[in-house]
Amino acid sequence: MAGLDIELAGIKLKNPVMVASGTFGYGQEASSFVDLDRLGAIVTKTISLKPRQGNPPPRICETAAGMLNSIGLQNNGVEDFINNALPFLSKFKTSVIANIAGESGKEYAELAKILNQQPLVKGLEVNISCPNVSRGGMFFCFDPKATFELVKMIRKATSLPLIVKLSPNVTDIALIAKQAEDAGADAVSLINTLQGMAIDIEMRKSKLGLATGGLSGPAIKPVAVRMVWQVFKTVKIPVIGIGGIMTGADAIEFFLAGASAVQVGTANFVDTQAPLRIVEEINAYLARNKIGHYKELIGQAKI
Ligand code: SIN
């Protein structure tokens, strides 16, 4: 077996394949058919300070080679996460990364402070890229200065590793990544969804309750690979690749572009075994190419 372990931003992963936020809940439902102990890490659905109802339905629709979602960060709030999700997750040996979002810097910092007290939480993924909310979310990553100030504020509130999740809906994602790094981020993850829209031509109506949503799945993979490569060339902190990863070959492509690890998202809705299958497929590629450790691939794409 080739080496698959990595310590990323101070978080120990047994392999570089995590499940992406919002596609796996808090692991409870998936645990009846996925062996959570074989995942690299579980990135939770976004947690906010107080419960959030989310957006009006319909909140999901399929598109060619992808899907649109407009969930609106629905969740039960941090107290419920601590009282219900964490005790469940404590039964497993897989690192838990809590994805957090707020409507203000103060809310993000408060969440970071609260989760700092939870030994099971090994890191925070800071969601500054959700396209489906009217306050907070993506608005922090439109402006490099706002990104810097927000990450600095969260950095002061916690000693946990900080992974900042970036949006593709910006002109220069590398500039935003650099601001996150300068403000104290330990890693960046990218990309969140691309803003999109689909219309039912019989009803002459948007297929989503809130008109627009975030596009994910294989349709966005080339955009994600391009952005990972651009960010990898710009920052020194690790880059986590996300965007349409369905197979081990997709993951390898992200490693070659500069990703130190990957997150599998939309694939979970198509094939519950996707993350575990992807680990096996990475292994097979490494064996076939006589590569001792997958880290040898990171950033090795010849241009
Ligand atoms: C959502 O809850 O609307 C999706 C989460 C995200 O895009 O970050």
### Query
Y294 and N283: side-chain contact (heavy atoms from CB on, under 4.5 Å), yes or no, with the steps?
CA-CA 8 Å; Y294 91 90; N283 243 323; over 6 Å; no
### Task
Indicate, with yes or no, if L4 and I240 share a hydrophobic cluster defined by side-chain heavy-atom contacts under 4.5 Å among Ile, Leu, Val, Met, Phe, Trp and Tyr.
yes
### Query
Is the shortest distance from a Lys or Arg side-chain nitrogen in E107 or R135 to a carboxylate oxygen in the other one below 4.0 Å?
no
### Query
In Å and rounded to the nearest 0.5 Å, what is the CG to CG distance from L276 to L39?
5.5 Å
### Message
Looking at S31 and Q28, would you say the former's side chain and the latter's main chain have a donor-acceptor pair under 3.5 Å?
### Response
yes
### N69 and N132 side chains, donor-acceptor separation under 3.5 Å
yes
## Note on the structure
Heavy-atom nearest pair, T94 first then A41, reads CG2-CA, 3.6 Å
List the atom pairs, with distances to 0.1 Å, where a side-chain N or O of residues 203-215 and a protein N or O form a donor-acceptor pair under 3.5 Å, not counting sequence neighbours.
| unit_1 | atom_1 | unit_2 | atom_2 | d |
| --- | --- | --- | --- | --- |
| S206 | OG | L208 | N | 3.1 |
| S206 | OG | L208 | O | 3.2 |
| S206 | OG | A211 | O | 2.9 |

### Message
Using only atom types and a distance under 3.5 Å, with no angle test, would you say the side chain of R59 pairs donor to acceptor with the backbone of N55?
### Response
yes
### Query
Minimum heavy-atom separation for A198 to C61, with atom names?
CB-SG, 4.1 Å
### Message
Tell me whether E281 is salt-bridged to R277, with the criterion being a basic N under 4.0 Å from an acidic carboxylate O.
### Response
yes
### Task
Indicate yes or no: at least one non-hydrogen side-chain atom of K113 is less than 4.5 angstrom from one of T158.
no
### Query
Between N99 and T44, is any side-chain donor less than 3.5 angstrom from a side-chain acceptor?
no
### Message
With heavy-atom distances below 4.5 Å as the criterion, would you say the side chains of M197 and L68 are in contact?
### Response
no
### Query
Between the main-chain N or O of E79 and the side-chain N or O of N83, is there a donor-acceptor pair closer than 3.5 Å?
yes
### Message
So, using ring pair (Phe, Tyr, Trp, His ring centres under 6.0 Å) as the criterion, who are the partners of F92 when residues are at least two apart?
### Response
F88
### Message
For a side chain to side chain donor-acceptor pair (under 3.5 Å) check, start with the C-alpha distance between K14 and S95, then their side-chain angles and the critical distance, and finish with the verdict.
### Response
CA-CA 9 Å; K14 46 183 147 330; S95 293; over 6 Å; no
#### Entry: Side-chain touch I242/I191, heavy atoms, less than 4.5 angstrom
no
### Message
With side-chain contact (heavy atoms from CB on, under 4.5 Å) as the criterion, how do Y26 and V96 come out once you've worked through the C-alpha distance, each side chain's angles and the decisive distance to 0.1 Å?
### Response
CA-CA 9 Å; Y26 305 98; V96 174; over 6 Å; no
### Message
Taking CD in E62 as the centre, count heavy atoms belonging to other residues, nucleotides or ligands within less than 6.0 Å. Is the count above 12?
### Response
no
### K233 atom NZ: more than 12 heavy-atom contacts under 6.0 Å
yes
### Query
Can you hop from F24 to V270 via hydrophobic side chains spaced under 4.5 Å?
no
### Task
Indicate if I47 and L73 have the same hydrophobic cluster label, given that clusters are the connected sets of ILVMFWY residues with side-chain heavy-atom separations under 4.5 angstrom.
no
### Summary
Residues P238 and L8: closest non-hydrogen pair is CB-CG, 4.2 Å
### Message
How close do P218 and P222 get, counting heavy atoms only, and between which atoms?
### Response
O-CD, 3.9 Å
### Task
Find out if a path of hydrophobic residues (ILVMFWY) with successive side-chain heavy-atom gaps under 4.5 Å connects L36 to V43.
yes
Distance-only check: which donor-acceptor pairs under 3.5 Å involve side-chain atoms of residues 145-154, not counting sequence neighbours?
| unit_1 | atom_1 | unit_2 | atom_2 | d |
| --- | --- | --- | --- | --- |
| T147 | OG1 | F140 | O | 2.8 |
| T147 | OG1 | D143 | O | 3.3 |

### Query
CD/E110 to OG/S48 distance, rounded to the nearest 0.5 angstrom?
12.5 Å
### Heavy-atom closest contact (A101 atom, L111 atom, distance)
O-CD1, 3.3 Å
### NZ/NE/NH1/NH2 to OD/OE distance under 4.0 Å, E280 and R38
yes
#### Entry: Distance in Å, L194 CG paired with I220 CD1, rounded so as to fall on 0.5 Å steps
5.5 Å
What donor-acceptor contacts under 3.5 angstrom involve side-chain atoms of residues 160-181, with partners at least two apart or in another chain?
| unit_1 | atom_1 | unit_2 | atom_2 | d |
| --- | --- | --- | --- | --- |
| S167 | OG | N169 | N | 2.9 |
| S167 | OG | N169 | ND2 | 3.3 |
| N169 | OD1 | Q195 | N | 3.0 |
| N169 | ND2 | T193 | O | 3.1 |
| D172 | OD1 | A174 | N | 3.2 |
| D172 | OD1 | L175 | N | 3.3 |
| K178 | NZ | D182 | OD1 | 2.8 |
| K178 | NZ | D182 | OD2 | 3.4 |
| E181 | OE2 | K236 | N | 2.7 |
| E181 | OE2 | I237 | N | 3.2 |

### Task
Assess whether atom CD of E7 is packed by more than 12 heavy atoms of other residues, nucleotides or ligands within 6.0 Å.
yes
#### Entry: Donor-acceptor contact present, side-chain N116 to main-chain S159, <3.5 Å
yes
### Task
Give a yes or no on whether V121 and I82 share a hydrophobic cluster (residues Ile, Leu, Val, Met, Phe, Trp, Tyr; joining criterion: side-chain heavy atoms under 4.5 Å apart).
yes
### Task
Drop me the distance from Q53's CD to N76's CG, to the nearest 0.5 angstrom.
9.5 Å
Using residues 250-266 as the side-chain source, report each donor-acceptor pair under 3.5 Å to any protein atom, sequence neighbours left out, with the distance given to one decimal.
| unit_1 | atom_1 | unit_2 | atom_2 | d |
| --- | --- | --- | --- | --- |
| D250 | OD1 | K221 | NZ | 2.8 |
| D250 | OD2 | M246 | N | 2.8 |
| D250 | OD2 | T247 | N | 3.1 |
| D250 | OD2 | T247 | OG1 | 3.3 |
| E253 | OE1 | K221 | NZ | 2.8 |
| Q263 | NE2 | E125 | OE2 | 3.1 |
| T266 | OG1 | S216 | OG | 2.7 |

### Query
If we only count heavy atoms from C-beta on, is the N75 to F81 side-chain gap below 4.5 Å?
no
### Query
Is there a side-chain contact between N127 and I100, using heavy atoms and a 4.5 Å cut-off?
no
### Message
Rounded at 0.5 Å granularity, tell me how far CG in L49 sits from NZ in K106.
### Response
9.5 Å
### Query
Counting N and O atoms only, with roles assigned by atom type, does the side chain of H293 sit under 3.5 Å from a partner on the main chain of D5, one being a donor and the other an acceptor?
yes
### Query
Under 3.5 Å, side chain of K122 to main-chain N/O of P119, donor-acceptor pair present?
yes
### Query
So how far is it from Q117 CD to L115 CG, rounded to the nearest 0.5 Å?
9.5 Å
### K50/D80 salt bridge by N-O under 4.0 Å criterion
no
## Note on the structure
Connected to F269, directly or through other members, by ILVMFWY side-chain contacts below 4.5 Å are I60, M67, I71
### Message
L86 vs Q118, test: side-chain contact (heavy atoms from CB on, under 4.5 Å). Steps then yes/no.
### Response
CA-CA 9 Å; L86 280 182; Q118 298 299 323; 3.6 Å; yes
### Query
Can you check side-chain contact (heavy atoms from CB on, under 4.5 Å) on L190 and V239, steps first, answer last?
CA-CA 8 Å; L190 57 137; V239 178; 3.7 Å; yes
